[in-house]
Engineer: 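Sharing a structure, written as structure tokens. Questions coming.
Note on naming: letters A, B, ... go to the chains in the order of the sequence lines (proteins, then strands), and numbering restarts at 1 for each one. Computed from a prediction, not measured in an experiment: that's the story for all the values here.
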Amino acid sequence: MFDVLRDPKFIFINKQNQLKEVYDTLKNEPIIAIDTEGTSLDPYTNELLLFQIGSKKYSYVIDVRSIKDWRLIKNLVEDTKKLKLLQNAIYDYKVLKISLNMELQNMYDTMVAEAIIRSGLSRAEYGRSLAALTRRYLGATLEKEVRKTFSNFTGSLTKAQLKYAALDIIVLFGIFEKQYELLKKYDLTQVAKLEFKVLPVVGDMELRGFYIDAEAWKNHIKVIEAERKKIAQKLQDAIRPYYKIKSLDLFGNYAEVINLNSQQQLMELFNDKLGLDVSSTGVSVLEKLDHPIAKLMLEYRGYEKLISAFGETLLEKLNPVTKRLHPDYQQLGTFTGRFSCSNPNLQQIPSRGEGAVFRTFFRAPKGRRLITTDYSQQEMRVLADLSGDETLLEAYKTGKDLHSLTAAQMYGVEYTEDFKKKHPELRQAAKTINFGLMYGRGPTSIASQIGVSVDEARELVDKYFSKMPKIKNWLESVAKSGVEKGFVSTVLGRKRFFELPDPSDPNYNREIGKIERASKNTPIQGTSADMTKLAMVRINARFKKERLDAGIIHTLHDEIVSEASKEHAERAYQIQYEEMIKAGEAFLKRCPIEADGGVSIQWEH
DNA sequence: AGAGGTGGTG
DNA sequence: CATGCACCACCTCT
């Protein structure tokens with residue numbers, strides 16, 4: 001293998017009439033590998049330079065600029081019977097769709113496979129880059145320096161560039177074979193199947209992007225900036241008496257006394273100057289302070305947060321070609337199987353309070369509509385199903401309010417339709433426990449949230465578990481099994497592995513506690529992720545089958561957002577709703593599943 | 001460059 | 001003894 005990696009055999013293709021040979025060699029191969037090299041990570045501004053395709057025996061590196069007619073290659077790429085090996089398939093999927101109008105089918109992504117196999121293991125040690133996989137599975141070193149040379153491409157291809165382009169597909173076969181054995185060994189083939197079906201859905205989702213009303217966004221930022229300025233001024237004036245510095249700036253105004261964003265300087269202000277003994281300057285601490293400066297600070301923080309996290313920087317990410325936002329969705333961005341999202345992270349746009357207006361600037365363009373649907377209490381339903389608890393199942397089967405029903409059980413009060421109005425505190429306490437359980441939360445933290453003593457909180461939890469014993473049993477057994485086996489599983493069979501601490505580790509107990517909490521949470525969060533991903537695949541398939549002008553543009557754990565023409569929006573909503581329910585029923589056998597949503601011109605939840 | 005603090009989401 | 005799951009972005013400070 002070393003020799004092959006050092007001196008890869010490949011055929012360079014730079015004439016149209018050579019494609020016949022490529023096609024004839026590969027047309028009967030069940031497994032081929034594909035990769036592309038271009039000038040940019042953004043498919044819309046990328047210039048495609050090289051297209052690599054090959055079997056285990058034959059590798060071809062095609063100079064893209066020399067080919068006019070891609071039909072023979074398109075046949076190979078779109079052949080649903082052939083398995084395509086790729087590293088980071090979504091990138092190539094997007095590039096091939098935009099640059100060559102090809103739609104990759106039946107993909108195996110070595111990067112995604114690795115995330116499935118190593119879920120839970122430290123990223124530093126178990127990277128997913130092609131170089132890391134080559135080292136791990138083939139014991140060889142893949143130079144990555146050459147890759148960078150494509151981004152400032154000068155017009156002619158070097159020998160080194162061709163060589164490494166060829167290597168990028170050659171290594172995939174060996175990695176695939178070893179990963180495939182591991183997928184079977186750990187019983188992860190069902191998960192892999194689902195994840196690979198999700199690949200084109202994510203590719204299309206990233207290509208579509210999310211339209212945003214940039215003008216409205218900018219205007220709102222200006223308003224908030226003015227507010228922040230006012231508050232900052234007030235704050236500086238209020239704290240000035242505590243400091244000696246009273247210098248004036250060039251315009252005769254007072255200079256800033258302290259940097260309001262500096263935690264260090266704020267600690268000094270609150271503790272030394274104001275004598276208020278705070279442990280941190282976070283909202284929860286500041287809220288408890290009855291001091292005008294703390295109140296101003298909270299107000300300032302609110303504006304500062306919105307401006308820094310959701311301000312102009314987000315608009316800088318608008319794509320120059322599409323004028324839309326195209327975030328990166330990490331298909332396995334978490335160890336539980338959820339997506340994560342970045343550049344920008346649309347999974348953290350405010351949904352409540354002052355910041356919620358930002359969501360209204362995410363819109364449907366003219367003549368189009370957004371379809372937003374989310375699972376109703378997805379994770380609680382998963383917990384109900386996995387634990388088999390009768391009270392939870394009854395609530396969901398009869399449509400009773402879950403938190404009221406568990407409160408009624410706990411406190412021995414009769415459940416009525418207006419329970420929420422009659423006993424709001426009881427319901428709130430039950431709700432806190434219901435949610436807390438899913439994170440493996442203990443009495444201490446529950447006590448601090450609902451404002452009772454730790455003993456009272458412990459009593460509440462005991463009471464809860466005595467009425468809902470199956471939940472207690474399920475949580476305890478899954479925590480125990482996570483520590484004993486070193487992994488936990490979702491309903492689909494997705495696994496999260498744990499790196500168990502050494503018993504001599506001074507933090508041993510704390511680490512085990514963490515593993516126990518993650519063991520409780522992962523089957524719940526992870527099964528929910530399985531469900532949402534299956535729903536996305538099914539929705540995408542039906543949109544295609546019915547030839548709707550509709551497509552998924554965003555996902556937020558238990559929520560799916562699509563964009564459709566206004567003519568197709570109602571039908572798209574119907575499909576989206578139905579398929580979410582069906583996906584839910586595929587995983588939950590005891591607990592009914594419910595989803596809500598609708599058609600609108602702006603993102604609403 | 002990386003860590004820690006803070007805070008946004010489900 | 002203490003004990004909240006899963007992320008990402010921005011800021012300051014070293």
Engineer: Just wondering, are more than 12 heavy atoms of other shown residues or ligands nearer than 6.0 Å to CG in D290(A)?
Structural biologist: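 Incorrect, the count does not exceed 12.
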
Engineer: Do N319(A) and D42(A) get their side chains close enough for a donor-acceptor pair, meaning under 3.5 Å?
Structural biologist: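 Present: a donor and an acceptor within the cut-off.
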
Engineer: What donor-acceptor contacts under 3.5 angstrom involve side-chain atoms of residues 591-602 of chain A, with partners at least two apart or in another chain?
Structural biologist:
unit_1	atom_1	unit_2	atom_2	d
E594(A)	OE2	Y577(A)	OH	2.8
S600(A)	OG	Q602(A)	O	2.7

Engineer: Could you work out the separation of dG7(B) and dG4(C) based on their C1' atoms and round it to a whole Å?
Structural biologist: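 The answer is 16 Å between these two C1' atoms.
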
Engineer: Can you measure N521(A) atom CG to dA6(C) atom P for me and round it to whole angstrom units?
Structural biologist: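 The distance from CG of N521(A) to P of dA6(C) comes to 6 Å, rounded to the nearest Å.
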
Engineer: Between R352(A) and dG10(B), is there a contact of a side-chain N or O with OP1 or OP2 at under 4.0 Å?
Structural biologist: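 Answer is yes, contact under 4.0 Å.
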
Engineer: What is the distance from CG of N434(A) to P of dG10(B), rounded to the nearest Å?
Structural biologist: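 N434(A) atom CG is separated from dG10(B) atom P by 19 Å.
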
Engineer: Using the C1' atoms only, state how far dT6(B) lies from dA2(C), rounded to an integer number of Å.
Structural biologist: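 The same atom, C1', in both gives a distance of 23 Å.
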
Engineer: With sequence neighbours excluded, tell me which residues meet salt bridge (Lys or Arg N to Asp or Glu O under 4.0 Å) with R458(A).
Structural biologist: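 Listed in chain order: D455(A).
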
Engineer: Has R517(A) got a side-chain N or O lying under 4.0 Å from the OP1 or OP2 atom of dC5(C)?
Structural biologist: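 The answer is yes; a side-chain N or O of R517(A) sits under 4.0 Å from OP1 or OP2.
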
Engineer: Would you kindly give the CD1-to-P distance between I515(A) and dA6(C), to the nearest whole Å?
Structural biologist: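 Going from CD1 in I515(A) over to P in dA6(C) covers 11 Å.
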
Engineer: Return the value, rounded to whole Å, for the distance between atom CG of L306(A) and atom P of dG8(B).
Structural biologist: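 Going from CG in L306(A) over to P in dG8(B) covers 8 Å.
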
Engineer: Treating primed atoms plus P, OP1 and OP2 as sugar-phosphate and everything else as base, which nucleotides of nucleotides 8-14 of chain C get B, S or - for protein heavy atoms under 4.0 Å?
Structural biologist: BSSSSSS

Engineer: Counting neighbours of CZ on R123(A) that are heavy atoms of other residues, nucleotides or ligands and sit closer than 6.0 Å, is the number greater than 12?
Structural biologist: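 Atom CZ in R123(A) is crowded, with more than 12 foreign heavy atoms closer than 6.0 Å.
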
Engineer: Would you mind classifying the nucleic acid contact of I446(A) as base, sugar-phosphate or nothing, using non-hydrogen atoms under 4.0 angstrom?
Structural biologist: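 It contacts nothing in the nucleic acid.
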
Engineer: Enumerate the residues from residues 473-507 of chain A whose closest heavy atom to DNA chain C is under 4.0 Å, giving them by residue number; use none for an empty result.
Structural biologist: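 Correct list: R496(A).
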
Engineer: Between R301(A) and dG7(B), is there a side-chain N or O to OP1/OP2 distance below 4.0 Å?
Structural biologist: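 R301(A) to dG7(B) OP1/OP2: side-chain N or O found under 4.0 Å.
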
Engineer: Below the 4.0 Å mark, does dA6(C) have OP1 or OP2 next to a side-chain nitrogen or oxygen of T522(A)?
Structural biologist: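 It does not, given that no N or O in the side chain of T522(A) lies less than 4.0 Å from OP1 or OP2 of dA6(C).
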
Engineer: Would you kindly say whether N261(A) and Y300(A) are connected by a side-chain donor-acceptor distance under 3.5 Å?
Structural biologist: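 The criterion, which ignores hydrogens and geometry beyond distance, is satisfied for Y300(A) and N261(A).
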
Engineer: Between F362(A) and W217(A), what is the ring plane arrangement, given parallel below 30°, perpendicular above 60°, and tilted in between?
Structural biologist: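 Perpendicular.
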
Engineer: Could you tell me how far apart Y329(A) (OH) and dC7(C) (C1') are, to the nearest whole angstrom?
Structural biologist: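 Spelled out: OH on Y329(A) to C1' on dC7(C) is 14 Å.
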
Engineer: Please table the atom pairs, donor to acceptor, closer than 3.5 Å between any side-chain atom in residues 517-533 of chain A and protein atoms at least two apart or in another chain.
Structural biologist:
unit_1	atom_1	unit_2	atom_2	d
S519(A)	OG	I515(A)	O	2.7
N521(A)	OD1	Q525(A)	NE2	3.2
N521(A)	ND2	M438(A)	O	2.8
T522(A)	OG1	R496(A)	NH1	3.1
T522(A)	OG1	A518(A)	O	2.7
Q525(A)	OE1	T336(A)	OG1	2.5
T527(A)	OG1	V491(A)	N	3.2
T527(A)	OG1	P523(A)	O	2.6
S528(A)	OG	I524(A)	O	2.9
D530(A)	OD1	R494(A)	NE	2.8
D530(A)	OD1	R494(A)	NH2	3.0
D530(A)	OD2	T490(A)	OG1	2.7
D530(A)	OD2	L492(A)	N	3.4
T532(A)	OG1	Q378(A)	NE2	3.1
T532(A)	OG1	S528(A)	O	3.2
T532(A)	OG1	H557(A)	O	2.7
K533(A)	NZ	E195(A)	OE1	3.1
K533(A)	NZ	E195(A)	OE2	2.9
K533(A)	NZ	Q331(A)	O	2.7
K533(A)	NZ	G337(A)	O	2.7

Engineer: Answer with base, sugar-phosphate or nothing: what part of the nucleic acid does F335(A) contact at a heavy-atom distance below 4.0 Å?
Structural biologist: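 Sugar-phosphate only.
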
Engineer: Specify the separation, in whole Å, of atom CD of Q377(A) and atom P of dG10(B).
Structural biologist: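 From Q377(A) CD to dG10(B) P: 14 Å.
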
Engineer: Return the residues of residues 278-291 of chain A meeting this criterion: a heavy atom under 4.0 Å from some atom of DNA chain B. Order them by number, or give none.
Structural biologist: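 Heavy-atom contacts with DNA chain B come from S280(A), T281(A), G282(A), V283(A).
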
Engineer: Measure CD/E511(A) against P/dC5(C) and give the value in whole Å, please.
Structural biologist: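 Result: 11 Å.
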
Engineer: With a 3.5 Å cut-off and no angle check, do the side chains of N259(A) and S262(A) form a donor-acceptor pair?
Structural biologist: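 No pair is found: no donor N or O on one side chain lies under 3.5 Å from an acceptor on the other.
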
Engineer: Got more than 12 heavy atoms from elsewhere within 6.0 Å of NZ, K229(A)?
Structural biologist: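 Open.
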
Engineer: OG1/T555(A) to CD/Q347(A) distance, rounded to the nearest 0.5 angstrom?
Structural biologist: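 It comes to 7.0 Å.
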
Engineer: Whether the side chain of E559(A) engages the backbone of L556(A) through a donor-acceptor N/O pair (distance < 3.5 Å, no angle test) should be reported.
Structural biologist: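 Not confirmed, E559(A) side chain does not pair with L556(A) backbone.
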
Engineer: Considering only side-chain heavy atoms of S445(A), which listed nucleotide, dG4(C), dT3(C), dA6(C), is closest?
Structural biologist: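 Of all the options, the side chain of S445(A) is nearest to dG4(C).
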
Engineer: Quick one: the side chain of R338(A) and the base of dG10(B), do they pair up donor-acceptor inside 3.5 Å?
Structural biologist: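 Indeed there is one.
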
Engineer: Send over the distance from D558(A) CG to dC7(C) P, rounded to a whole Å.
Structural biologist: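 Answer to the nearest Å: 17 Å.
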
Engineer: Please say whether the positively charged group of K495(A), taken as NZ for Lys or CZ for Arg, lies over the ring of Y186(A), i.e. under 6.0 angstrom from the six-membered ring centre and within 45 degrees of the axis.
Structural biologist: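 Geometry flag: not set, cation outside 6.0 Å or 45°.
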
